[in-house]
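So the structure is just underneath, and the comments pick up after that.
Note that the structure is a prediction, hence the values are computed from the model and not measured. Numbering starts at 1 and runs along the sequence shown.
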Amino acid sequence: MKKSIINILALASAITTTGFLLDGDAKDPSVLTRITEYVAMLTIVFTILSGFYFGIKSITKKLQIVK
């Protein structure tokens with residue numbers, strides 16, 4: 001389970017970094033604001049990906065028990 005969480009975190013980090021670099025909005029001059037936005041987006045993406053992964057894993061596990 002620890003390996004899957006680390007893999008999800010790596011994927012979320014890659015998605016967040018790509019999105020942050022491709023963002024066309026003007027950047028604030030404050031470094032603290034940029035870091036806060038990055039961490040907030042990383043948390044959101046990680047939560048969504050974890051929900052999908054563990055939700056699908058749980059559903060497939062329940063379907064295997066039914067068979």
Side-chain angles (χ1 to χ4, degrees):
M1 180 147 152
K2 183 178 179 181
K3 184 178 178 185
S4 62
I5 290 176
I6 291 173
N7 287 339
I8 293 170
L9 183 61
L11 179 62
S13 178
I15 292 170
T16 303
T17 303
T18 303
F20 190 73
L21 293 175
L22 293 176
D23 186 20
D25 294 341
K27 303 290 185 214
D28 290 334
S30 173
V31 175
L32 183 61
T33 304
R34 289 184 192 176
I35 292 172
T36 305
E37 288 177 356
Y38 183 83
V39 170
M41 285 304 300
L42 180 63
T43 304
I44 291 169
V45 172
F46 177 76
T47 304
I48 291 171
L49 289 177
S50 295
F52 280 130
Y53 177 77
F54 290 114
I56 290 171
K57 189 174 179 181
S58 173
I59 289 171
T60 56
K61 189 174 184 178
K62 286 182 182 179
L63 289 175
Q64 288 177 355
I65 293 173
V66 172
K67 288 182 180 180

Determine the minimum heavy-atom distance between Ser50 and Ile8, stating which atoms define it.
-> OG-CG2, 3.7 Å

Consider only side-chain heavy atoms of I, L, V, M, F, W and Y, link residues closer than 4.5 Å, and tell whether Val39 and Val45 are in one cluster.
-> no

Check: Ala14 main-chain N/O paired with Thr18 side-chain donor or acceptor under 3.5 Å = yes

Drop me the distance from [X]'s [atom1] to [Y]'s [atom2], to the nearest 0.5 angstrom.
{"X": "Leu49", "Y": "Ile44", "atom1": "CG", "atom2": "CD1", "answer": "12.0 Å"}
{"X": "Ile56", "Y": "Lys61", "atom1": "CD1", "atom2": "NZ", "answer": "15.5 Å"}
{"X": "Leu63", "Y": "Ser58", "atom1": "CG", "atom2": "OG", "answer": "9.5 Å"}

Passing candidate, side-chain hydrogen bond (donor to acceptor under 3.5 Å, both in side chains) with Tyr38, options Thr16, Thr17, Thr43 | Thr17

Taking C-beta and beyond as the side chain, do Phe54 and Ile5 meet within less than 4.5 Å on heavy atoms?
-> yes

Mark yes when over 12 heavy atoms from residues, nucleotides or ligands other than Phe20 sit less than 6.0 Å from its CZ; otherwise mark no.
-> yes

